[in-house]
2 protein chains.
Amino acid sequence: MATRDYGQYSGVTRALELVGERWALLIVRDLLVGPRRYGELAAGLPRIPSNILAARLKDLQAAGILRRAPRSRVIVYELTPYGRELEPVVLALGAWGYKALGDPQEQQIITPESMTMDLRSAFRADVAAGLPATAYAARVGPAELLIRVDGSALDVRPGDGLVDLAFATGPDIRRLISGELAPEKAIATGVVEVLRGRGSSSTDSRPPSTWPPEARGPQRARRGCLRPSM
Amino acid sequence: MATRDYGQYSGVTRALELVGERWALLIVRDLLVGPRRYGELAAGLPRIPSNILAARLKDLQAAGILRRAPRSRVIVYELTPYGRELEPVVLALGAWGYKALGDPQEQQIITPESMTMDLRSAFRADVAAGLPATAYAARVGPAELLIRVDGSALDVRPGDGLVDLAFATGPDIRRLISGELAPEKAIATGVVEVLRGRGSSSTDSRPPSTWPPEARGPQRARRGCLRPSM
DNA sequence: CCGGATCCTATTGGATACTG
DNA sequence: CAGTATCCAATAGGATCCGG
């Protein structure tokens with residue numbers, strides 16, 4: 001490995017030598033949602049310089065964490081089985097970091113990939129096991145997600161579709177994800193606004209008032225990445 | 001936070017802003033074993049420059065992850081409750097990294113703290129639940145550890161004491177920790193050498209032959225940190 | 001336009017020396 | 001022992017450029 005090593009024979013140091021550099025785990029996080037093209041990764045990591053993205057992709061590939069795969073004339077990057085085994089690491093980091101998250105700042109964006117992984121990190125299989133199979137359309141700030149819960153399995157992915165229930169939330173969903181707020185209380189206090197109906201999407205509704213007005217309309221900053229704006 | 005941020009509102013980015021810098025998670029790892037003094041941390045992280053250690057301690061303290069605590073005239077650093085919640089992150093990273101670990105290289109050391117956390121990462125509560133309470137003295141390469149298993153609880157700490165069973169292992173213990181090798185096979189193949197007896201310590205035995213000769217004697221490089229030497 | 005490579009500057013980390 | 005201060009090397013950031 002080209003990366004500077006820690007001079008220690010241990011699992012944590014080895015892991016940090018492979019994925020400890022800046023941006024590396026964020027690339028892995030986005031690829032945990034699915035294979036992505038170079039430009040899609042760049043769009044989801046708004047501040048990454050293109051030379052750093054290229055360098056990380058090269059390093060992660062050399063480490064056997066991801067691979068370049070040609071998909072009908074375009075190249076996508078996808079995790080190897082070993083790379084996918086980083087999912088517990090990313091989920092644990094996300095769950096921990098979510099507790100230290102305050103209100104969104106100006107210039108902080110939410111991407112579909114980041115919100116997808118944040119929701120996965122909040123999923124409690126034991127709780128979900130008692131629920132009937134349900135599909136949700138969620139608008140979490142500016143990201144639109146399709147969520148399916150079936151037994152103790154969770155499927156979250158960016159997008160839309162036919163669902164049983166649609167809901168929209170503001171930035172306070174973080175209190176729900178971090179476990180600070182119970183789901184019933186979230187609905188009762190308006191943190192989560194339930195939009196009933198077996199409809200198609202959530203595009204026929206407005207986000208709850210906790211989102212500032214300027215965040216309501218879709219303000220595309222870059223391909224597929226919207227800013228919560230405040 | 002002074003650290004450069006990722007411009008994203010998500011749990012993983014927030015976590016990486018707090019503990020994503022070089023050396024930070026290794027300091028947390030060592031403090032998960034117990035409170036440590038500045039010099040003890042420096043000894044356990046052999047290549048860390050003292051200015052970096054000082055800077056990280058300051059940042060981690062500002063982030064509410066650790067605190068300086070006066071203990072009878074000396075200052076120790078200890079994790080806050082929030083800092084201790086990083087344990088799942090460190091264990092997941094260690095378990096993942098262990099699978100990518102090859103044989104120890106020259107100049108790679110093993111510290112009691114690193115080996116303690118590596119063993120914790122390999123602990124399977126469900127398996128241990130069926131075993132009687134037992135205390136082990138383990139010499140893992142150059143580190144001497146006291147291991148107690150009771151029900152589904154594991155207690156690993158650097159040190160020695162009265163035990164039920166003593167054993168010594170070479171670098172191939174990594175195949176045991178990573179799950180590649182079953183315990184019975186490890187003993188059968190000599191990866192783990194069992195030194196029977198309800199004795200006091202493992203100091204009356206030699207490590208298995210898989211450790212190179214020059215590693216057999218205790219070669220203290222720095223306080224409490226020994227090198228496996230190849 | 002996508003997928004990078006290159007160049008240059010700004011920031012951070014690393015090694016060593018030094019101090020209360 | 002518990003850190004600072006200094007200086008230099010390495011890395012990240014930003015802009016631009018290039019080939020398909």
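Chain naming here is simple, since letters A, B, ... match the order of the sequence lines and numbering starts at 1 in each.
Atom pair A/E40:CD and C/dC2:P shows a separation of 10 Å (rounding to whole Å applied). Per the geometry, CD1 belonging to B/I48 stands 11 Å off C1' belonging to C/dG14, to the nearest Å. Following rounding to the nearest Å, B/L45 (CG) and C/dA15 (C1') show an atom-to-atom distance of 16 Å. Atom-to-atom, CZ of B/R22 to P of D/dA12 comes out at 11 Å; the value is rounded to the nearest Å. Here D/dA12 presents its P atom at 13 Å from CG of A/L26, a figure rounded to the nearest Å. Atom CD of B/E21 and atom P of C/dT11 are 15 Å apart (whole Å). Atom-to-atom, CG of B/D5 to C1' of C/dT11 comes out at 15 Å; the value is rounded to the nearest Å. Rounded to an integer number of Å, the gap from A/W23 CH2 to C/dT12 P is 14 Å.
Judged as a ring pair (Phe, Tyr, Trp, His ring centres under 6.0 Å), not a single pair has a partner in residues 52-73 of chain B (not counting sequence neighbours). Listed by first then second residue, pairs satisfying ring pair (Phe, Tyr, Trp, His ring centres under 6.0 Å) with a partner in residues 44-83 of chain A read A/Y82-B/W96, not counting sequence neighbours. Applying the ring pair (Phe, Tyr, Trp, His ring centres under 6.0 Å) rule to pairs touching residues 17-69 of chain A yields A/W23-B/Y6, sequence neighbours excluded.
Scanning for salt bridge (charged side-chain N to carboxylate O under 4.0 Å, His left out) contacts around B/R174 gives B/D103, with sequence neighbours left out. Residues that satisfy the side chain to side chain contact (heavy atoms under 4.5 Å, CB included) test with B/P158, not counting sequence neighbours, are B/V33, B/R36, B/P112, B/T116, B/L145. A search for salt bridge (charged side-chain N to carboxylate O under 4.0 Å, His left out) contacts involving B/D155 returns B/R148, B/R157, not counting sequence neighbours. Here B/E78 pairs with B/P35, B/R67, B/A69, B/R71 under the side chain to side chain contact (heavy atoms under 4.5 Å, CB included) rule; sequence neighbours left out. Checked against side chain to side chain donor-acceptor pair (under 3.5 Å), A/R120 has no partners two or more places apart in sequence or in another chain. Residues satisfying the side chain to side chain contact (heavy atoms under 4.5 Å, CB included) test with A/R124, not counting sequence neighbours, are A/D126, A/V127.
Summarising the geometry of B/L60 relative to B/L18, their closest heavy-atom pair is CD2-O, 3.9 Å, with the distance given to 0.1 Å.
For A/R4, the listed nucleotide lying nearest its side chain is C/dA15; candidates were C/dA15, C/dG3, D/dA12. Side-chain proximity of A/P49 to the nucleotides D/dG13, C/dG14, D/dA12 is greatest for D/dG13.
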Between N or O atoms, less than 3.5 Å apart, protein on one side and nucleotides 5-9 of chain C on the other: list the pairs.
unit_1: C/dA5; atom_1: OP1; unit_2: A/K58; atom_2: NZ; d: 3.4
unit_1: C/dA5; atom_1: N6; unit_2: A/S50; atom_2: OG; d: 2.8

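The stretch residues 68-78 of chain A comes close to DNA chain C through A/R68, A/I75, A/Y77, each having a heavy atom under 4.0 Å from the strand.
Stems are defined here as 3 or more consecutive Watson-Crick or G-U wobble pairs with pairing distances under 3.5 Å; those involving DNA chain D are C:1-19 with D:2-20.
At the phosphate of D/dA2, OP1 or OP2 sits under 4.0 Å from a side-chain N or O atom of B/R37.
Residues B/T13 and A/R29 have side chains that never bring a donor and an acceptor to within less than 3.5 angstrom of each other.
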